[in-house]
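First up is the structure itself, then whatever we jot down about it.
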Amino acid sequence: MNAIHELATRLRQARRVLVLTGAGISAESGIATFRDAQSGLWARFRPEDLATPEAFQRDPALVWRWYAWRREQVAEARPNAAHYAVAELARRVPTVLVTQNVDDLHQRAGSVDAICLHGSIARTLCSVTHRDIDADWLAANPGEPPRSPHHADGLARPGVIWFGENLPQNVLELACDAARACDVILAVGTSAMVYPAAGLPSIAQHHGAWFAEINPQATPLTPQADLVIAAPAGIALPAALTVWKES
Ligand code: OAD
């Protein structure tokens, strides 16, 4: 049986699927990944200048503008075949989607209830209270960044998780619960370098799940995968759903 057929068979037989996605699933939508050698964001920018609380303290305007630039790219992008395939999968079998991505391409492709481990680039928070800041308020209060309406010492900040920050406990618990409960887990387009997300396949396997990785490049998780599909997500995932339909 070839790899796509095996994936289709496992998905068809699954009772609960967990799909863990990373930046690679949005690559075919034209959104740069972080760690790809030539095109990745961390090949061109230093995360410690842009994606840490200390960076924001040091130069809030620089960080604010960088996220505004990325927000514009996301707004112009469209979901690709892989995002649509994940949404379609959830219509066929109970599926929990856990994404590290802060773009909203899964949601725009029809995935509801995605667990967004690293927040959302569309959200803005108070830097002190972490309360959401309303988009209408932001539109009426320009600034790079504006002061927070929720706290005298606060600034508006992107609603994403930065290096050195903890994931919200409830979000992490939901993801870990899903990992323990699934019988099939797919890791799609993640380099598996960032924890706790990269630990979810091990949790799932520890509880008996079958694990497939879809990624053109090998990752630290590749040796432990039950199936490796070294192909772009936008080809592999729709192909598996087509084979499922035809079988
Ligand atoms: P990375 O940029 O680290 O990894 C992207 C992965 O996608 C790589 O392993 C690529 O080989 C793979 N890839 C590229 N094109 C692909 C395609 N068409 N189909 C499938 N896979 C493809 O991105 P993440 O693993 O998501 O965190 O990075 C994890 C976290 O590190 C991000 O959420 C972000 C980053 O710093 C925060 O911002 C907190």
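Numbering of ligands and ligand atoms starts at 1, following listing order.
- Using cut-offs of 30° and 60° on the angle between ring planes, the pair Phe163 and Trp42 is tilted.
- Side-chain contact, Ser202 with Gln224: a donor N or O sits under 3.5 Å from an acceptor N or O.
- The CZ atom of Arg78 sits 13.5 Å away from atom OG of Ser26, with the distance rounded to the nearest 0.5 Å.
- Ring to ring, Trp66 and Phe56 are not that close: their centroids are 6.0 angstrom or more apart.
- Residues Asp183 and Arg15 are paired through a salt bridge, judged by an N-O separation under 4.0 Å between the basic side chain and the carboxylate.
- The pair Arg157-Glu165 meets the salt-bridge criterion, since a charged nitrogen lies less than 4.0 angstrom from a carboxylate oxygen.
- Within 4.0 Å of ligand 1, heavy atoms belong to protein residues Gly22, Ala23, Gly24, Ala27, Glu28, Thr33, Phe34, Arg35, Asp36, Trp42, Gln100, His118, Ile161, Phe163, Gly189, Thr190, Ser191, Val194, Asn215, Pro216, Gln217, Pro232, Ala233.
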